[in-house]
Student: 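Submitted below is the structure of interest, expressed as structure tokens.
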Amino acid sequence: MRAAVIQFPGSNCDLDLMNALKELKFEATLVSHEATDLSEFDAIFIPGGFSFGDYLRSGAVARFSPIIAAIKKAAAAGKLVVGICNGFQILTEAGLLPGQLMMNEHPGFICDEADLEIVNPDSRFTNQYQKQFITIPVAHGEGRYVADATTIAALDKNHQIIFKYRKNINGSINNIAGISNKVGNVFGMMPHPERAIEAMISSDDGRAFFTSILNK
Amino acid sequence: MYLGKVYVSYKPSVFDPQGDVIKKSLNQLGFQNIGQVKQGKYFEIKLTDDSFEEAEANLKKFTEELLINPNTETYQYDIVEDEK
Amino acid sequence: MYLGKVYVSYKPSVFDPQGDVIKKSLNQLGFQNIGQVKQGKYFEIKLTDDSFEEAEANLKKFTEELLINPNTETYQYDIVEDEK
Amino acid sequence: MTSVPDLMKDEFTPEQIKENQIYLQWSLTEPEYDLICERLGRLPNYTETGLFAAMWSEHCSYKKSKPVLRKFWSENERVLQGPGEGAGVLDIGDNQAVVFKAESHNHPSAVEPYEGAATGVGGIIRDIFSMGAQPIAILDSLRFGEIEDNQTKHLINGIVAGIAGYGNALGIPTVGGDMALDKTYQKNPLVNAMAVGILDHEDLHVGQANGVGNRILYIGAKTGRDGIHGATFASSDFDSSEEQNRSAVQVGDPFLEKLVMDTTIAAIKKFKKAIVGVQDMGAAGLVSSSAEMAGKAGNGVHLNLDLVPQRETNLTPYELMLSESQERMLMVVKEDQMEAISQLFFKQGLEAVDIGAVTDDGKYVLTFEDQVVTDLQVKDLLTPPKQKMPTKAPARVLAPVGQNEYLEVEKDFANVLDKMLQQSTVASKRDLFRHYDSMVRTDTVIRPGGDAGVVRIKGTKKALAMTTDVNGRKVFLNPKIGGQLAVAEAAQNIVCTGATPIGITDCLNFGDPDDPEIYYELEQACAGINDFAKQLNTPIISGNVSLYNETDGKAIYPTPMVGMVGLLADVNKATTIDFKNAGDLIYLVGE
Ligand SMILES: Nc1ncnc2c1ncn2[C@@H]1O[C@H](COP(=O)(O)OP(=O)(O)O)[C@@H](O)[C@H]1O
């Protein structure tokens, strides 16, 4: 699978994500936020970090980069678009996913390992998991998922909630850790599966996330 | 020259953890007559538009496009003449 | 009941990296008539003091003690009556 | 100067500086001022006096600590670069090297916890990548007063948030550190940061202005009025009632630093030969970086201050030279590649401006609005008068009292253990280091919470272990033994991960060195560190000195932080502290 990893100024998990994708046999390429064409890729990954310093609001400035139009086009064409951490924030700011990521309930950055529940095991991001509970690192200061009640109800009904925190570490509504759009091809999550592909570094529970994507 | 001032605050329904922390610290410091505290953002933007009307139209436009997230935030603004 | 509004901004000499980034994005979005942009903080605080004078004295005191960093920031404020 | 530029008309004249002893406000002593006049053969002007004051401050010149530092052992088979550069460098095989250094930001953090700590991290990271290395880890060593104190809480929260705010955004993991609380640090917290990087041998760059005719490239952020006086500020006692020092606040921008870091490393890789020297603009910004680079190469420099990028208007030469605006670097480059190198920075929206040239006359010349505003010898700026530092052993060290009085016999061990674990210094710091991104770059094998942080080197089986340690109370009781113990503790932490200690950096936090008892502490603690460093074959390859850690005349415990790095040949053999299986045997090893 040909994957693009988008580099914004201030992205800092871009290389980690590249490593993970290569390890899992994606054909991965770094693409600048100023690029305008993503037609040669099957999947677009937006990495974690602090795009444009996360100034104003996380993801708020990145949303105006030239690449966003191309990402929207790819999403509309049914390609996979995956935002991790800052990538998730960018996708909500850009309107590709509903809701918003706000400051953690207890202000301050947290870096830890989070236990997640796979709520929708049939999604394009979870279909290879053989278990319901996994451990994936988190690292964020603005990861509290917020959306209005109607949106949350719709997410629930359409099985768009893919991952939940088992223990609510940041105050997200309904413990939401990762969601997809209605069609199921655009996805965002705060935890970092790219940090979980080797037991030596953390867990290897992130591998099945990537193999699920390869499996489509 | 105009000076635009934009005050951004969370919509009433949105939980503001910073406001909460500040309220608690104020209480700890001995300030008891404190109700709700909300922390928002304050922007000062120099506008070089020719007329007040243009300045105002632009300010509203870019505030809604960039400065706020309309899902959770609202804003108020002032525009004043600025010498230089 | 009073509503205190506190506007905090950086002193002119203090570097405001956020303001710089916001100015650049406004330019990129096509807003060209933009001079300096500064981002500060905006607080809304409900004050249950009995009198305006008390409310004002407290607001000034806690703003200087807690809300601002006197090394880098200055503030302005408004106090208005608040129904409830 | 034939005519005085308008902006400089309000400055004190050379005569006024002498008559009214203005130099005293800049912490130059009268004999120092007289020596400057003698060397120049004239009175220094305002700008020049300011340059001397900054360059002769302890912070920049180490004039008082040098006699002690010179004794540090810093050579063995691994050392590629010892003290004197941005950071020290050790060979770790496979044509790779590890680069590390520690730095203090105590005074700025006391005044301005968040920004002080954040800019401390920014500065130490620049020291690492200015050598051509990729930073791979940060450690922090913190000392605060008792936790019950509100001001202490404010400091802890601000400082931890500042380190997190900067390091996390940069994308360099914070993998370890240490923290202790004692009332000796109540008003004078210690904020020491250490950074570790790696490079391939051929990418090693030092901060030297070699090659007459080479251009001097100003890189990174624009210059504002931040932190003017920072160096002299760090070199004088901290008077808690003094508000005036507040002009010294610098604000960091990790977003910009990441761009500067990534681009500098890329530039060095791409233009190995054309980039001759690189240095970070740290304390006393432009003057210290340019003068030191020239001095190390034995050359002169000529800078045109009209070309320095400015964030504010109307900066004077004095302000331009002494500003401590963050995220700025100086590069010496060959003229024919200058355009190409600059382009790399322009593309990222960064400044890259040719502000001058390396000259062969050994002079330090500054022009401003077409006037020569400074004309000195580089070596004069870099050689403050040698100091004789008297020492005196404190009575408490010579004849400790009450040692035999401690006879209490404790029977209730559970209670003691319980009490110990509640001690703020002993208690887990997890709630604090949880704010640090310790995993970004996905190489952190052992995160904070163990004995030492362990970071593997991708593409090899190797890993580096790293730790910071010192117990100020023990150094206070016996400086020499305390110094030895700091090294011993660091080594134990490294060894516990399975790694072999290979080198040391330090951060010497002491009180006023003019007090002979404090100078004794400094001298003895360093002797102790040196002793054990030799025995362990861990040369001291870099470090930093922070003196005048006093509040209202009272010094902190002498606190020479030891940062140690170890090498682990096979990362799969790294050992962690947790008990693994029920039924495993527990051994007590040692005496
Ligand atoms: N300020 C800090 N920053 C990062 N890690 C810290 C900090 N303080 C303590 N730690 C971590 O907590 C653990 C225990 O620290 P410490 O009590 O100093 O250990 P030790 O007594 O083994 O030296 C170590 O893993 C250390 O890295």
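Chain naming here is simple, since letters A, B, ... match the order of the sequence lines and numbering starts at 1 in each.
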Student: Side chain from CB out, backbone as N, CA, C, O: work out which of these in A:E105 comes under 4.5 Å of a heavy atom of chain B, or both, or neither.
Tutor: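 Both backbone and side chain.
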
Student: Could you check whether any side-chain N or O of A:N104 sits under 3.5 Å from a backbone N or O of A:G143, counting only pairs where one atom can act as donor and the other as acceptor?
Tutor: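 Answer holds: yes.
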
Student: Can you run down the salt bridge (charged side-chain N to carboxylate O under 4.0 Å, His left out) pairs that involve residues 30-43 of chain B, sequence neighbours left out, and say none if there aren't any?
Tutor: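 Sorted result for residues 30-43 of chain B: B:K41-B:E73.
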
Student: Quiz question: by atom type and distance under 3.5 Å, do the side chains of A:D122 and A:N127 form a donor-acceptor pair?
Tutor: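 No donor-acceptor contact under 3.5 Å links the two side chains.
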
Student: Sort and list the pairs that fulfil side-chain hydrogen bond (donor to acceptor under 3.5 Å, both in side chains) and have at least one residue in residues 148-164 of chain A, not counting sequence neighbours.
Tutor: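 Qualifying pairs: A:D148-A:T151, A:N158-A:Q160.
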
Student: Shorter than 4.5 Å, heavy atoms on both sides: which option in A:P107, A:G171, A:A147 has the most such pairs with chain B?
Tutor: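 So the answer, after comparing A:P107, A:G171, A:A147, is A:P107.
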
Student: Sort by residue number and list every residue of residues 10-24 of chain B having at least one heavy atom under 4.5 Å from chain A.
Tutor: B:Y10, B:V14, B:F15, B:P17, B:Q18, B:V21

Student: Does a salt bridge link B:E65 with B:K61, judged by any charged N lying under 4.0 Å from a carboxylate O?
Tutor: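 Yes, this pair counts.
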
Student: Kindly check if the number of other-residue, nucleotide or ligand heavy atoms within 6.0 Å of CD (A:E40) is above 12?
Tutor: no

Student: I need the full list of salt bridge (charged side-chain N to carboxylate O under 4.0 Å, His left out) pairs touching residues 93-103 of chain A, with sequence neighbours left out, sorted by first then second residue.
Tutor: A:R57-A:E93, A:R63-A:E93

